[in-house]
Amino acid sequence: MSQSPISLSPDLRRLADEGFEVAVESGHLVLRGVPYVNAAGQVCRGTLVSTLDLAGDRTARPGTHVVMFAGAYPCDSNGRELDHLRHGATHTRISDDLVVDFSFSSKPPSGYADYHHKMSTYADMISAHAEALDPIATARTRRVLEPHDPEDVFNYLDTASSRAGMTALSDKLRHLRIAIVGLGGTGSYVLDYVAKTPVLEIHLVDDDDFLQHNAFRSPGAPSLEELRAIRKKVEHHAARYGSMRKRIHTHALRVDASNADALLGGMDMVFVCVDRGDVKAPIVDALERLRVPFIDVGMGLELTDHGLCGIVRTTTSTPGMRDHVRTKGRMSFDGGGDGVYSHNIQIAELNALNAALAVIKWKKLAGVYLDLEHEHFSAYTLDGNSMVNEDPSE
């Protein structure tokens with residue numbers, strides 16, 4: 001799948017991270033929202049446009065120091081045109097909604113090192129005069145940017161990964177197809193974490209309705225109107241996260257032996273987030289047969305006179321490491337839930353912890369996080385605040 005040069009090129013990511021309204025359109029680099037002064041001494045907004053030199057899908061060093069501009073000719077704070085920038089006056093259509101009016105020329109002694117250097121320099125030269133009249137006028141508008149790559153899974157640019165220097169690591173997840181079976185307390189938090197990664201597809205599998213008690217066990221704060229609608233969990237969560245990303249697929253079904261292959265075949269990771277062990281059995285049978293890796297979550301809690309105690313468990317199973325699940329009893333396939341947890345007590349923080357541990361393990365398997373122990377079973381004990389890792393792969 002192709003990716004936008006903005007996500008792949010450090011100079012373009014830096015422009016976006018610094019708050020510029022940057023986009024790649026019709027093979028050109030576009031910087032909107034640049035404040036300038038017109039001949040009447042008014043502060044207006046224009047658009048800087050540059051041809052874009054690429055090496056594959058990443059930027060190369062700019063081949064020209066010239067930029068184009070859409071708007072009136074920029075002036076200084078007294079309304080005098082910036083003659084030192086003058087290069088040409090050309091009415092050129094870049095795309096249906098972008099027509100440039102002028103071109104500017106200003107070349108530093110060694111040229112422009114990259115497109116951040118080029119575009120920010122021009123923006124600063126033009127907007128400095130606008131800032132003299134309006135101190136809050138800036139080209140760094142921090143406007144929310146929409147991706148122009150039609151294959152991007154997000155509805156707006158992921159500037160978090162680039163700001164943290166994590167783009168290359170996040171890209172390891174970009175091609176993956178993920179399924180979450182069960183969208184109760186822990187499963188809904190798994191979705192919250194996975195939805196913010198660039199995975200190709202997310203499949204939600206649960207046949208239950210989203211009811212009032214679910215509002216206290218999952219991320220976010222649904223409105224009274226949303227609760228009264230009584231939608232399926234998969235539909236509720238897909239709508240919530242659909243405002244952020246694409247390719248969330250819903251399956252309002254219970255997984256059993258008759259549909260497990262169709263629902264889960266071809267997945268790169270399946271998070272098993274259901275309470276009942278007897279429901280898990282056909283899911284695990286199918287995943288093992290299909291050679292699909294999975295991570296099962298669960299917790300066993302008991303109410304004592306001094307408060308809740310118990311264990312939060314994460315069990316990982318991959319095609320190369322399966323036996324521990326059954327031979328060591330790392331998962332229960334009996335009916336019923338685990339202690340008081342089966343009564344839907346409100347422990348969102350433990351659900352979130354269980355989900356976080358599962359997603360961290362998935363990201364270790366994907367190469368995002370360093371994994372020194374390669375554990376396939378971990379258990380967090382609540383009362384002692386301790387963690388054990390067991391069943392390392394060879």
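For clarity, every value in this text was computed on a predicted model and none was experimentally measured.
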Determine, stepwise, if the pair Phe104 / Phe69 fulfils ring-ring contact (aromatic ring centres under 6.0 Å, His included). CA-CA 8 Å; Phe104 303 145; Phe69 187 73; 5.4 Å; yes
Does the Asp261 side chain pair with the main chain of Arg289, one donor and one acceptor, at a distance under 3.5 Å? no
With a 4.0 Å cut-off on N to O distance, would you call Arg142 and Glu21 a salt bridge? no
Any donor-acceptor pair under 3.5 Å linking the side-chain atoms of Asn389 with those of Ser378? no
Quick one: does any side-chain atom of Thr138 pair with a main-chain N or O of Thr141 as donor and acceptor, under 3.5 Å? no
Keeping the roles fixed (side chain from Asp256, backbone from Ser258), state whether a donor-acceptor pair exists under 3.5 Å. yes
Can the positive tip of Arg326 be found less than 6.0 Å from the middle of the six-membered ring of Phe333, inside 45° of the ring normal? yes
Check: Thr64 side chain, Val66 main-chain N or O, donor-acceptor pair, under 3.5 Å: yes
Taking Asp101 for the side chain and Gly71 for the main chain, is one N or O donor matched with an acceptor at less than 3.5 Å? yes
When you measure from the centre of the six-membered ring of Phe377, is the NZ or CZ of Arg330 closer than 6.0 Å and no more than 45° off the axis? yes
Using a strict threshold of under 4.0 Å (side-chain N to carboxylate O), is an ion pair present between Asp171 and Arg174? yes
Kindly determine whether Leu350 and Leu301 satisfy side chain to side chain contact (heavy atoms under 4.5 Å, CB included), including the steps that lead there. CA-CA 10 Å; Leu350 292 184; Leu301 301 175; 4.1 Å; yes
Do His324 and Glu390 have side-chain atoms, one donor and one acceptor, less than 3.5 Å apart? no
When you check the side-chain N and O atoms of Asn38 and Tyr73, is any donor under 3.5 Å from an acceptor? no
Arg322-Ser317 side chain donor-acceptor pair, cut-off 3.5 Å: yes
Using the six-membered ring wherever Trp is involved, compare the ring planes of His117 and Tyr112 and label them parallel, tilted or perpendicular (cut-offs 30° and 60°). perpendicular
Under a 4.0 Å N-O cut-off, is there an ion pair linking Arg13 with Asp17? no
Working for salt bridge (charged side-chain N to carboxylate O under 4.0 Å, His left out), residues Lys232 and Asp209: CA-CA 4 Å; Lys232 293 294 184 181; Asp209 295 328; 3.4 Å; yes
Atom CZ of Arg254: over 12 foreign heavy atoms under 6.0 Å: no
Would a distance-only check, ignoring hydrogens and angles, find a side-chain to backbone donor-acceptor pair under 3.5 Å from Asp134 to Glu131? no
Charged N-O contact under 4.0 Å between Asp11 and Arg61: no
Tyr189 and Asn354: side chain donor to acceptor below 3.5 Å: no
Residues in side chain to side chain donor-acceptor pair (under 3.5 Å) with Asp208, at least two apart? none
Should the pair His236 and Phe210 be assigned to parallel (<30°), tilted (30 to 60°) or perpendicular (>60°) ring geometry? parallel
Ser50 side chain to Lys118 side chain, donor-acceptor N/O pair below 3.5 angstrom: yes
Would Asp371 and Lys361 count as a salt bridge (charged side-chain N to carboxylate O under 4.0 Å, His left out) here? Give the steps. CA-CA 9 Å; Asp371 191 354; Lys361 181 58 187 179; 3.1 Å; yes
Please say whether more than 12 non-hydrogen atoms of neighbouring residues, nucleotides or ligands are located less than 6.0 Å from CD1 in Ile136. no
Counting N and O atoms only, with roles assigned by atom type, does the side chain of Tyr380 sit under 3.5 Å from a partner on the main chain of Leu353, one being a donor and the other an acceptor? no
Has the side chain of Ser103 got a donor or acceptor atom that lies under 3.5 Å from a matching backbone atom of Gly88? yes
Is it true that Tyr115 and Asp53 share a donor-acceptor pair across their side chains at a distance under 3.5 Å? yes
Using a 6.0 Å cut-off, check whether atom NE2 of His306 has over 12 heavy atoms from anything other than its own residue. no
Treating Arg247 as the side-chain partner and Glu201 as the backbone partner, does any N or O pair qualify as donor plus acceptor under 3.5 Å? no
Report yes or no: does Asp383 contribute a side-chain atom to a donor-acceptor pair with the main-chain N or O of Cys309 at less than 3.5 Å? no
Please determine whether a side-chain nitrogen of the Lys or Arg among Asp275 and Lys280 lies less than 4.0 Å from a carboxylate oxygen of the Asp or Glu. no
Under 3.5 Å, is there a donor-acceptor pair between the His87 and Ser105 side chains? no
Other hydrophobic cluster members with Ile94, side-chain heavy atoms of Ile/Leu/Val/Met/Phe/Trp/Tyr under 4.5 Å, chained? Val30, Val49, Met68, Leu98, Val100
